[in-house]
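Written below as C-alpha cells is the structure these notes are about.
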Amino acid sequence: MSPDDPQAEIARLIAEIEHHNRLYYDQAEPEVSDAEYDALYRRLETLEADFPLFADPNSPTRRVGGRPSEGFEQIRHPMPMLSIDDLFEIPAEELDKIEAKAGARPPKEQELVDFYRRLQKGLGVERIPVTIEPKIDGVAVSLLYRGGRLDYAATRGDGTTGDVITANVRTIKSIPMTLPEAAGAPAILEVRGEIFMPGKAFAKMNEERDEAGLPTFANPRNATAGTLKLLDPREVAARPLDFIAHGIGVVEGGEIGTITDFHALLDRVGIRKNEPLWTAETLEDVLAAVRRLDEERHALPYGTDGAVIKVIDRDAQQQLGFTSRAPRWAAAYKYPPEQKETDLLAITVQVGRTGKLTPVAELAPVLVSGTTVRRATLHNESFIQERGIGIGDTVLIQKAGEIIPEVIKVVVKRGDGIPFLMQAHLGGVCPVCSGPIERRETESGSKVEKRVVVTHFCVNFECPAQVASRMRQFVSRKALDIEGIGTTVAEKLVERGLIQSPLELFEIPETILATLNLGTEESPRIFGEKNAAKILQARERAVKEMPLARWLFAMGISQVGESSARELSRLHRSFGELSRSPILAELRTLKTGESKEKNPFLAPYEIASEVGPIVAASVLDFFQSAAGAAVLGRLAELGIDPQSDNFGPKPSEDLGGADKPLVGKTFVITGTLSAPRDDIAARILSAGGKVSGSVSKNTHYLLAGEGGGSKLDKALTLGVAVIGEAELEGLLAGGSAAEEA
Ligand code: IVH
C-alpha cells in the first residue's frame, strides 16, 4: 500500500520514531513495545526504498550506517573548543612538609580553594553559583543543530578545526538528528559533549574481538577514538557508543543565560546531560560535592578521574574570560589514583617483541578504580631489587592514568627475603623457547644521579614469543592494519609452524587460513572462509595502499616507533633509499649532544627530534643485518615496494621534489596510461598528493586513460574534474591549468 503523500508520510514516521527514540534512550520510558517500534521502522524503510527521492539523510534508518567515505572533511569550529585547567590534590607528604614549615596544614584540595578564591576576586562577590559534575573520559565532539536539525558533528581536532564525523555520529542512537519543535531550541545551537563507550559494553566488545581474532583496544577511550575514525559508518554502528552533553558552543536566535537554562533546554530537546550534577554557592558546598563525587564515580558508565567545576552564569563567565588555552570560569579537579594493598603471589616472565624479558607480578585479585587487578608489570630486575619486592610480600598498587596497574612499594615483607635475580628465577633460559638469555646493563637518570638498569633478553630471533609479537605489530592497526588477524591468529600461525616471519603472511594460501584451527583438537574453532577472505583483502590493500611509513613501523625495527617512521618516510621515498641512506649514515656519526642543526650536511633537512643517531644506527644496522637483508629480498620477490606519502625533505636538490604542488589533492587513476599505474601513483605521492582507489566527492581529479569505465561515469556524476596525462604533467610542474578540465 502506497500512501497518497509519501513525503509527508516519511516525515511523520521520522518524527514518530525520533520521539520513541527519545523516550527510550534518553528518558528510559518507552511508550511502545519493541514490536510496535520495529513495525514503524520497517514501514519507514519500505517507503524510503520505494520513494528514494524523499529519503532523508537524517532518517533514523540511516543510523545503522551509510556508505563508507574516503576520509574526513575538515571544519573550522565557530568558536574554539578549548581545553580545561587541571587542579591537583596535594599529596600527604607534601602537606606534612608544609605543616612542618608553616605550622598549619592546608586542605588537600588547596588548588581548588585557590580557584574558588580567584573566581571571587574576579567577580568581586562572595557567593558564586557553580556546577560540579564528572569529567567524562571520552572523545569531545561538537554537534551543530541548524533549524532543529543536525547540520554536522565534528571532532575537537586541534581545537580550531576538526574532522566532520556526521555519518559516524548518526549511528549513535542517543544523539537526536532532529530536535522537537516544541522545545523552542535556538535557530543555531551547538551542543558540545563527550562520546564514550560504556565500560561494560567495552569489555564485552573486546572479548568478542579477541574471540574473533581481532585486535583488542587498551581502554574505552582508545576504542571510542578508534571507532570514530572508522571510514565505514556500518562498522561504527556495530560498536556500543554513547553520548553525554556538557557544554555550549555557538547559540544564535535564542538566549541561554545560565548553565541551568542550558540543562533545561537539553531536557526539552531530549539530549542527555551529564549526571550526577551538583550546584553550590559556597566553597564548603563545592568541596562537599567534589568529595561526594569521588565516592560515586566508580559506578558511572564512563571512566572519570576528576570533577569539572563551572560558573553557572554566562555573563559571569564572560567577565572572567579565557586564557589562550582554557576558560578562567571552569576547572577540573583531578582525583589521585586509588591505591590498594594486595599480595604478590608469583612473578612470571613475558617475552617481548625484541626479546626483552619482562617480569610480571601475579597478584591476589583486588578492586582498584573500578576494575579487578590481577597482574602488573615489574619492568626489570632493577625495578624489583630497588623496591625490595619479593614473592609473598604485600604490595601497594595503583592504576597509572586510571588504566595501567603498577606496583608502588612493599608494605609488608612476608616473603623469604631472597632478592629477585632473573637468571636464577628462569634457570638461565628463556621461559618460552628455552634458548639462551643475555643480561644487559644500561645507564639512565641524570649525570648526578646515575642509575644502572639491568634488563634481560632472549637472544633467539626465532623464539616463538618474539615472532608472534612481531606478527602482532606487523598487522596492528597503526601498522598494516590487517583486520581479522588478532593476537590469537598470529600466535596460532606461529605455533603451528605455518609462519616464521611476518612477511610470510603474504604468502600463506587462503585455504590454509580458512581451515586454521584457533581452538584445540578437542574443541576446534575454525577461522573460516569469511575471515580468511577479509585477511586477503586487507593484505591486498596493504600492498597497494599502505605508504612507506606504515610498512616501516610494521617491520618492528628497534627504536622505530610510529612518529620516527613518519619522519624517516619524510626523508626517504622507499625501503631502497632507506637502506643506503646518506642522511642516516651521517646522522649515526653524531656524538650524543652534538646538534644536527650545526652539521652542514644535515642542517638543511630540518630533521625532527624523533630521528637521531640512535634511530639512524638501528635502521642502518637492521638493513645490513641478515634479517634485514632477508626482508628486503622477500619484499622484492613479492613485488612489494611501498612509497612515501609524505616525502619532502627541505632541500630539493638532493633527493628531489621539495616543493609539493599536489599537497591536499586526491587523485584516482583509471584506464590505460603511458606508464604503469604504480609509477604514476608514486609521482603523485612524492609531489604531496594522495591516490585513492575509488571516486567519491572528496576526489579532486580523476586521471583517466583509455577505457575509463565505471570510475569515469562516477566522476562525471559527482562533478569530479577528469584530467589526462598532459594535465597531470602541468599540475606536477606546479600549474593549475587543469582546474577547469
Ligand atoms: S566543560 C571550555 N565538562 O575535557 C571547556 N568538559 O580538558 C569546558 N570534558 O575537551 C569544558 N568532561 O571535552 C567539560 N563534564 C565536562 C567534561 C569535559 C570531559 C572534556 C572536554 C574538553 C576536555 C578539557
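Sequence positions, counted from 1, serve as the residue numbers for this chain. Counting starts at 1 for both ligands and their atoms, in listed order.
For atom 20 (C) of ligand 1, the closest heavy atom belonging to the protein is Glu194 OE1, 3.6 Å. Among protein heavy atoms, the minimum distance from atom 22 (C) of ligand 1 is reached at Leu82 O, 4.2 Å. In terms of protein heavy-atom proximity, atom 6 (N) of ligand 1 is closest to His246 CE1, 3.4 Å. Counting protein heavy atoms only, atom 12 (N) of ligand 1 is closest to Ile136 N, 2.8 Å. For atom 15 (N) of ligand 1, the nearest protein heavy atom (residue, atom name, distance) is Glu133 OE2, 2.6 Å.
Arg291 and Glu109 are joined by a salt bridge, as a carboxylate oxygen and a charged side-chain nitrogen come within less than 4.0 angstrom of each other. Salt-bridge annotation for Glu567 and Arg570: present, with a side-chain N of the basic residue lying under 4.0 Å from a carboxylate O of the acidic one. A salt bridge links Lys697 with Glu73: the distance from a Lys NZ or Arg NE/NH1/NH2 to an Asp or Glu carboxylate oxygen falls below 4.0 Å. Salt bridge status for Glu133 with Lys310: present, with a side-chain N to carboxylate O gap under 4.0 Å.
When the options Ser83, Pro80, Ala330, Ala331 are ranked by their closest heavy atom to atom 5 (C) of ligand 1, first place goes to Ser83.
The salt bridge (charged side-chain N to carboxylate O under 4.0 Å, His left out) contacts involving residues 114-132 comprise Arg127-Glu281, where partners must be two or more places apart or lie in separate chains. Applying the ring pair (Phe, Tyr, Trp, His ring centres under 6.0 Å) test to pairs two or more places apart or on separate chains, those with a residue in residues 170-210 are Phe196-Tyr302.
Taking CD1 of Ile75 as the start and CG of Asp163 as the end, the distance is 11.0 Å to the nearest 0.5 Å.
Of all the heavy atoms of Lys310, the ones lying under 4.0 Å from any atom of ligand 1 belong exclusively to the side chain. Counting heavy atoms under 4.0 Å from ligand 1, residue Lys135 touches it through both backbone and side chain. Looking at Arg192 against ligand 1, nothing comes within 4.0 Å, counting heavy atoms. At a heavy-atom distance under 4.0 Å, atoms from both the backbone and the side chain of Ile84 approach ligand 1.
Of all the atoms in ligand 1, the ones that sit under 4.0 Å from a non-hydrogen atom of Asn274 are 15 (N).
Within the 4.0 Å heavy-atom cutoff, Pro134 counts among the residues contacting ligand 1.
Residue contacts with ligand 1: Pro327 is placed with no nitrogen or oxygen under 3.5 Å of a nitrogen or oxygen of the ligand (distance criterion only).
Among Glu338, Lys340, Glu406, the one residue that satisfies the side-chain hydrogen bond (donor to acceptor under 3.5 Å, both in side chains) test with Gln398 is Glu406.
For the residue pair Ser142/Glu190, the side-chain donor-acceptor check at 3.5 Å is satisfied.
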